[in-house]
Amino acid sequence: KGSSRRLRMTADLNQCSFLPVRLYTDIYRVGHLRSDRVAKLDCRDGNQVRDIGEKDEPKYPRLSPRNAAHDNPSDYGSSYVRHSSTPIPNAPRSAQATTSSDDLLSSLLLLNARSLNPSAMSSCRYKLHDVISHVEEKRRSGHLFPFIAITESWLKSYLSDAQIQIPGYSLSRCDREKRHGGGVLLYSLSSLPVSSSGCFDDGICQGLYNIYPSAKLFVAVIYRPPDASISSFSKLLDVLKQAIEELAEHDYDIFLTGDFNLPQVDWESLKIHSGGTSDANLSAQHLLSFMSTYLLTQMVRVPTRGDSILDLAFCNNERLIANVKTEPTDISDHDMVELLLSFTPGVMEEARATYLDEVNFRSLDFNRADFSKLNATFKAVNWEEMRDSGSFEEFPAKFTNKVLNVCLDSIPRKRPPTGRPKVYNALRRRKAKLKSRLSAALCTGDKARIKQLEDEIGLISYEIKEAIIHHLDVEEKRAVERIKTNPKYFYSFAKSFSKVNIAFPLFTMERRAGH
């Protein structure tokens, strides 16, 4: 880079007090801050670092593991960086074991769902559909969520794993049994084996952790309610301490996420402001001490509910997280938090072929068959000639193949179920269009237009919720009405909600207790 351009970049960077001096030279090495451009860093809001450059740049540029080999991780010290859309260079050790292609982005999704109860009497059973839709939309655009951490699941043990399963993911859960609310979930890609796991629930705080040996990761999710006592929270941290201590010799990276309900902590200065209860202040002190012991950095620096930072994410290697993004969601009063990872710990397994992909009678939809054409075709076949054309042993196979070929010509194939009502898909597309218009209106600053679009989006969100609930009610009513006329349909419907053994790849070096 030329000396004049270097001076201009340094002048802009000097205005950002939250950037360590050592990272100035590292920012020069980021691929999309090339010598033919000048980086302009906007520090007015104190929350984001925006790189203003070519419009065709990807929003989250990929990191190359080869660049990581030229840098010493210890050079970064324990200073923290307020994360931005500019990825921090030097992919970590975990990126070297990546099995996916470099064009995939990976993020850890954190959400306080305030109930994912799928039961028929719950008004929140539509929320899981929205979570699945969000994950699928991101995956189609090349953005993968290896981990999905959910707090306040509000589940009970009588609700089976099959009722809250997300395709392609393994589920770990810790429910609050002694009182209403609470509970945590952790979804991870099925391609990531789990060597061990743990769960804590004392009726107040909940937490669980999984250890992923293939990615060298320790991932935990915690829920601490606002009225939690210091003794309950300390017991939860002690469980995590014991698990982390056992991994001390194996050099694992740590992700600790969840809803801690500690708004009185200033995560810039790591100071505790007044206003909280004594238990909350003591819990904050214990958490800061826990951070110091294991060299953790809290990465979320923007409010996640109102003006408070309640949903937190800690990591012992801040270079693992390239960006932190919060986004409002219709299913909770908490914002959805996406932590963009600088590596890809796993890949989405390809869906196994189902009976719909096979060429057999089961894949045909006889309800839509043209039986007149089918009968006419069968009458035109010379069955005696087919019987005499070969041996007696060969005739059954020939007969079956001939019938199957005739049916394939006259009967349409079954369509795979989407699991969502058609009206829901139409409303979802309309909502996406309105969100695009809202983004354009926010750029122009038209307050009247912004208010109108926000109201329309709110109404559509309500219609989507009602459409899903109505669809579930109709399916349930249909199954009950056919319990006598078509028992097979009823039992098939009931079986879809039964408890099943989830395909959870478990990696163990020795025999352990069940998960």
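Note: hydrogens, waters and symmetry copies are ignored here, and every other heavy atom, side chains too, is used. This chain uses plain numbering: 1 for the first residue, then up along the sequence.
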I need the [X] [atom1] to [Y] [atom2] distance, nearest 0.5 Å.
X	Y	atom1	atom2	result
Leu341	Asn323	CG	CG	10.5 Å
Leu256	Thr297	CG	OG1	12.0 Å
Thr344	Leu105	OG1	CG	7.5 Å
Asn112	Thr151	CG	OG1	3.5 Å
Leu192	Ser195	CG	OG	11.5 Å
Leu312	Gln298	CG	CD	4.5 Å

- Message: Going by ring-ring contact (aromatic ring centres under 6.0 Å, His included), name the pairs with one or both residues in residues 216-239, residues two or more places apart or in two chains.
- Response: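 Checked against ring-ring contact (aromatic ring centres under 6.0 Å, His included) - neighbours excluded - the pairs reaching residues 216-239 are Tyr209-Phe218.
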
- Message: Once ring-ring contact (aromatic ring centres under 6.0 Å, His included) is applied, what residue pairs with a partner in residues 273-292 remain, sequence neighbours excluded?
- Response: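 ring-ring contact (aromatic ring centres under 6.0 Å, His included) check on residues 273-292 returns Phe290-Tyr294.
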
Set of salt bridge (Lys or Arg N to Asp or Glu O under 4.0 Å) partners for [X], sequence neighbours left out:
X	value
Asp333	Arg305
Asp130	none
Asp227	Arg179
Glu137	Arg428

For [X] versus [Y], what's the shortest heavy-atom pair and its separation?
X	Y	answer
Val194	Ser197	CG1-CB, 4.5 Å
Gly181	Trp154	CA-CD1, 3.4 Å
Ser461	Lys431	OG-NZ, 3.4 Å
Thr257	Ala313	CG2-CB, 4.0 Å
Ser106	His143	C-NE2, 4.3 Å
Leu236	Cys205	CD2-CB, 4.0 Å

Quick check: do [X] and [Y] have side-chain heavy atoms less than 4.5 Å from each other?
X	Y	result
Glu338	Phe145	yes
Val184	Ser153	no
Arg114	Cys124	no
Leu310	Pro263	yes
Val221	Ile150	no
Leu340	Ile321	no
Leu240	Ile222	yes
Pro118	Leu155	yes

Crowded around [X] [atom1]? As in, over 12 foreign heavy atoms under 6.0 Å?
X	atom1	answer
Glu327	CD	yes
Lys241	NZ	yes
Glu249	CD	no

So, [X] side chain and [Y] main chain: donor-acceptor pair closer than 3.5 Å or not?
X	Y	result
Gln165	Tyr169	yes
Ser190	Gly168	yes
Lys138	Ser107	no
Gln163	Ser160	yes
Ser332	His334	yes
Lys127	Ala113	yes
Glu177	Ser157	yes
Thr326	Asp335	no

Side chains of [X] and [Y]: donor-acceptor distance under 3.5 Å anywhere?
X	Y	value
Thr304	Asp311	yes
Ser278	Asn281	no
Ser232	Asp202	yes

- Message: Do the side chains of Arg173 and Asp161 get close enough for a salt bridge, i.e. N-O under 4.0 angstrom?
- Response: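 Asp161 and Arg173: salt-bridged.
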
If the condition is side chain to side chain donor-acceptor pair (under 3.5 Å), which residues does [X] pass it with, not counting sequence neighbours?
X	answer
Asp201	Gln206
Tyr212	Ser188, Asn210
Lys465	none
Thr329	none

- Contacts of Leu282 that satisfy side chain to side chain contact (heavy atoms under 4.5 Å, CB included) - sequence neighbours left out: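 In terms of side chain to side chain contact (heavy atoms under 4.5 Å, CB included), with neighbours along the sequence ignored, Leu282 is linked to Ile230, Gln285.
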
- Lys235: partners by side chain to side chain contact (heavy atoms under 4.5 Å, CB included), with sequence neighbours left out: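 Partners of Lys235 under the side chain to side chain contact (heavy atoms under 4.5 Å, CB included) test: Phe200.
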
- Message: Go through it in stages, so that I can follow the logic: the residues are Ile164 and Tyr187, the test is side chain to side chain contact (heavy atoms under 4.5 Å, CB included), and I'd like the CA-CA distance, side-chain angles, deciding distance and then a yes or no.
- Response: CA-CA 10 Å; Ile164 53 175; Tyr187 294 93; 3.8 Å; yes

- Message: Is there a side chain to side chain contact (heavy atoms under 4.5 Å, CB included) between Leu262 and Leu287? Walk through the geometry before answering.
- Response: CA-CA 10 Å; Leu262 295 173; Leu287 182 59; 3.8 Å; yes

- Message: For a side chain to side chain contact (heavy atoms under 4.5 Å, CB included) check, start with the C-alpha distance between Ile166 and Ile148, then their side-chain angles and the critical distance, and finish with the verdict.
- Response: CA-CA 10 Å; Ile166 297 179; Ile148 303 175; 4.3 Å; yes

- Intermediate values then yes/no, side chain to side chain contact (heavy atoms under 4.5 Å, CB included), Ile331 and Tyr126: CA-CA 9 Å; Ile331 64 177; Tyr126 72 96; 4.2 Å; yes

